[in-house]
Amino acid sequence: MDLDLKKTCFDAFDIGAEQVLTQEETAETIVPDYCPDIARIIDTEGKVFLHSRELHDGKAEVSGNVRVTVLYTPEGEGGIRTLEFAMPFTIETEAKAMPECVCLCAEVEPEFLETRTLNPRKVFTHCKLVARLTGYRKVPLCFCTDAETDPALCVEKRQETHRTSILAHIAEKDFTFSDELTLSPGREGAAEILTSRVTKTVSETKIVGSKLILKGLFDVNLLYRTPEGRCASASGELPFSQIMEVEGAAENSDVTVSLQLTGSDIQVGSAADQDGRKITVTLYLHAVALLREELEVTLLSDLYSTVYNMTYEAEPVALSEFSGVLTRRQKVQEVLEIGVVADSILTLSVSCGAVSVTREGENSTLRTGAAVRALYQDEGGAPLVAERCIDVSCQLELAGDSTVTARAFCPEEVQGSLTSGGIEVRFPVEFQAQAGSKKKRVCLTSAKIDTETPKDLSGAPSLVLRSLGEEETLWSLAKRYNTTVPMILTANDLAEETAVPREKLLLIPRKRI
């Protein structure tokens, strides 16, 4: 006779595939007629704007453009000019690289970007992109929790309680942010924005009903030209908040949010702003929220009857465990050697690359390369660039069998000062890491009991005296000698199963039919 097993299912997502792809793009660009000829290229910056993320029968495709800004000194003029243009790209995986995936998350960044002049009216740009793609698939977590049996069958059930973490929801939203940044009184007004950089930080998440509330800051850094033709820099923080729909999400879910720029428009304020002290900032973003829920689950791991013979089938159930986001901050203080005497620092920036993880037991070392770039002027007023990649690392204690995902970023404005040896830079690097592991637990999938022929226990002893073996439990003893765990506990005046010393001799009474 088949036993009726109770089954529980939870809707969940899991990582179906991860890929890191590189792609090179090149472009030849003609300088527009309204721009002066190029005498010397100072620097090239690029922002990646993703426009689409698509999955087609297991093939992933992301597309967008690299918004390139070339800073240069013009022929016959002083100061700095800019040349801006877009380099479109499309990155594809191989067919069936992400089978059964229903959601695609993508991060694309330039690993290398360089522009050189072909002639004063034409430039050549070479860009190497790195795309990190993660595909998620729906994988319901299903398992048996109990068995419905008649008391006359005398079935003993082994149920184990475990904690697991499931990725229960993935929410996405496109939104537009717009605000004004006012230059501080000590700064000159702006006539033209030369370059801009935006750092995104989510500082707070909260689930209220079916809504996920996000709060954070956009840190905006600007290099601009004043009405008198001088170069100046400014920065400011703009707070933001957004609401995303997360129908059915638990309010105690652990939320991880990533923000991807899909476009930006940063302009000097309206004609009414004669002093150029107000900067209009418009950002276009795509938000992805991953919501994990901690669950306590019960698995039916074993059963037997003290009266009848039973057979069953079982299979392992993979239960995920995730730590919260672990944060470590490292302070960096280094000198960029420049070989000339600098007059002033125009801009400073830091970008952190991918994080590598080295394991040694429960100690993990996280390491990233922090690329520091300084735009400065020498004594003659010529703009120059100094850059250096600094190795930054930190240590965490994590379980040895866990998988670690980590990222690193600079959460604050880079501080810098001129020294006799060059430019001293000071900034923090924040590492954020999450450890995950999967534990396999046995769970029954079906069971049959033979009610036609009772067990023949005529030759079995009515009482056994012995201690627990190396790998034995009270449950395995009870199953072997056709008794129950409560009977063994009562016979030995024990309160609970976990309090049995292995050297203690136990009375094991046989359950009478």
Phe175 and Phe240 aromatic ring geometry - parallel, tilted or perpendicular at 30°/60° bounds
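Parallel.
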Close side-chain approach of [X] to [Y], heavy-atom, < 4.5 Å:
X      : Y      : result
Glu18  : Cys105 : no
Lys278 : Thr182 : yes
Val372 : Phe427 : yes
His169 : Leu212 : no
Val425 : Val332 : no
Leu104 : Val62  : yes
Arg187 : Thr226 : no
Thr125 : Phe85  : yes

Under the rule for salt bridge (Lys or Arg N to Asp or Glu O under 4.0 Å), what residues qualify as partners of Glu107, not counting sequence neighbours?
none
Please name the pair of heavy atoms, one in [X] and one in [Y], separated by the smallest distance, quoted to 0.1 Å.
X      : Y      : value
Phe10  : Val297 : CE1-CG1, 4.0 Å
Ala234 : Leu183 : CB-CD2, 3.6 Å
Ala318 : Leu141 : O-CD1, 4.0 Å
Leu336 : Arg388 : CD2-CB, 3.6 Å
Lys215 : Ser241 : CG-CB, 4.0 Å
Leu283 : Ser264 : CD2-CB, 3.8 Å

For the atom pair [atom1] ([X]) and [atom2] ([Y]), what is the distance rounded to the nearest 0.5 Å?
X      : Y      : atom1 : atom2 : result
Ile166 : Leu291 : CD1   : CG    : 11.0 Å
Ile338 : Ile423 : CD1   : CD1   : 4.5 Å
Leu222 : Ile193 : CG    : CD1   : 5.0 Å
Tyr72  : Leu83  : OH    : CG    : 6.5 Å

Salt bridge [X]-[Y], side-chain N to carboxylate O under 4.0 Å:
X      : Y      : answer
Asp391 : Arg367 : yes
Glu245 : Lys173 : no
Glu45  : Arg197 : yes
Glu204 : Lys206 : no
Arg163 : Glu321 : no
Glu24  : Lys128 : no
Arg121 : Asp37  : yes

Test applied, side-chain hydrogen bond (donor to acceptor under 3.5 Å, both in side chains); reference residue, Lys438; option that passes from Thr403, Asp14, Thr164
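With Lys438 as partner, side-chain hydrogen bond (donor to acceptor under 3.5 Å, both in side chains) holds for just one option, Asp14.
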Give a yes or no on this: more than 12 heavy atoms of other residues, nucleotides or ligands lie within 6.0 Å of atom [atom1] of [X].
X      : atom1 : result
Glu172 : CD    : yes
Ile30  : CD1   : no
Glu337 : CD    : no
Asp57  : CG    : no
Glu360 : CD    : no
Asp343 : CG    : yes
Glu247 : CD    : no

So does [Y] get a backbone contact from the side chain of [X], meaning a donor-acceptor N/O pair under 3.5 Å?
X      : Y      : answer
Gln23  : Thr90  : yes
Thr29  : Val123 : no
Thr93  : Ala60  : yes
Glu251 : Gly209 : yes
Thr262 : Tyr284 : yes
Glu293 : Ala249 : no
Arg277 : Ser184 : yes

Do Ser320 and Ser165 have side-chain N/O donor and acceptor atoms under 3.5 Å apart?
no
Pairing donors with acceptors under 3.5 angstrom, does anything connect the side chains of Ser235 and Glu413?
yes
Member of Val48, Val68, Val130 meeting the side chain to side chain contact (heavy atoms under 4.5 Å, CB included) criterion with Pro110
Val48
Do Cys142 and Cys9 have their SG atoms under 2.5 angstrom apart?
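Cysteines Cys142 and Cys9 qualify as a disulfide pair, their SG atoms being under 2.5 Å apart.
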Would Ser258 and His286 count as a side-chain contact (heavy atoms from CB on, under 4.5 Å) here? Give the steps.
CA-CA 8 Å; Ser258 63; His286 180 75; over 6 Å; no
Starting from the C-alpha separation in whole Å, work towards a yes-or-no answer on side chain to side chain donor-acceptor pair (under 3.5 Å) for Ser344 and Gln377.
CA-CA 5 Å; Ser344 62; Gln377 288 181 315; 3.2 Å; yes
From CA spacing to verdict: side-chain contact (heavy atoms from CB on, under 4.5 Å), Arg407, Phe409:
CA-CA 7 Å; Arg407 70 186 192 101; Phe409 60 96; 3.6 Å; yes
Go through Gln395 and Arg328 one step at a time and tell me if the side-chain contact (heavy atoms from CB on, under 4.5 Å) criterion holds.
CA-CA 8 Å; Gln395 289 195 337; Arg328 294 289 185 274; over 6 Å; no
Apply side-chain contact (heavy atoms from CB on, under 4.5 Å) to residues Tyr136 and Ile15 and explain how you reach the verdict.
CA-CA 5 Å; Tyr136 292 90; Ile15 294 177; 3.6 Å; yes
Tell me, with the steps shown, if Glu114 and Arg116 meet salt bridge (charged side-chain N to carboxylate O under 4.0 Å, His left out).
CA-CA 7 Å; Glu114 182 183 56; Arg116 57 184 175 86; 5.6 Å; no
Side chain to side chain donor-acceptor pair (under 3.5 Å) against Glu75, all qualifying residues, sequence neighbours excluded
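Testing Glu75 for side chain to side chain donor-acceptor pair (under 3.5 Å), a comparison that skips the adjacent residues, returns none.
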From CA spacing to verdict: side chain to side chain donor-acceptor pair (under 3.5 Å), Glu84, Thr69
CA-CA 5 Å; Glu84 286 193 338; Thr69 301; 3.3 Å; yes
Not counting sequence neighbours, which residues clear disulfide (SG to SG under 2.5 Å) with Cys389? List them please.
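For Cys389, no residue satisfies disulfide (SG to SG under 2.5 Å) once neighbours in sequence are set aside.
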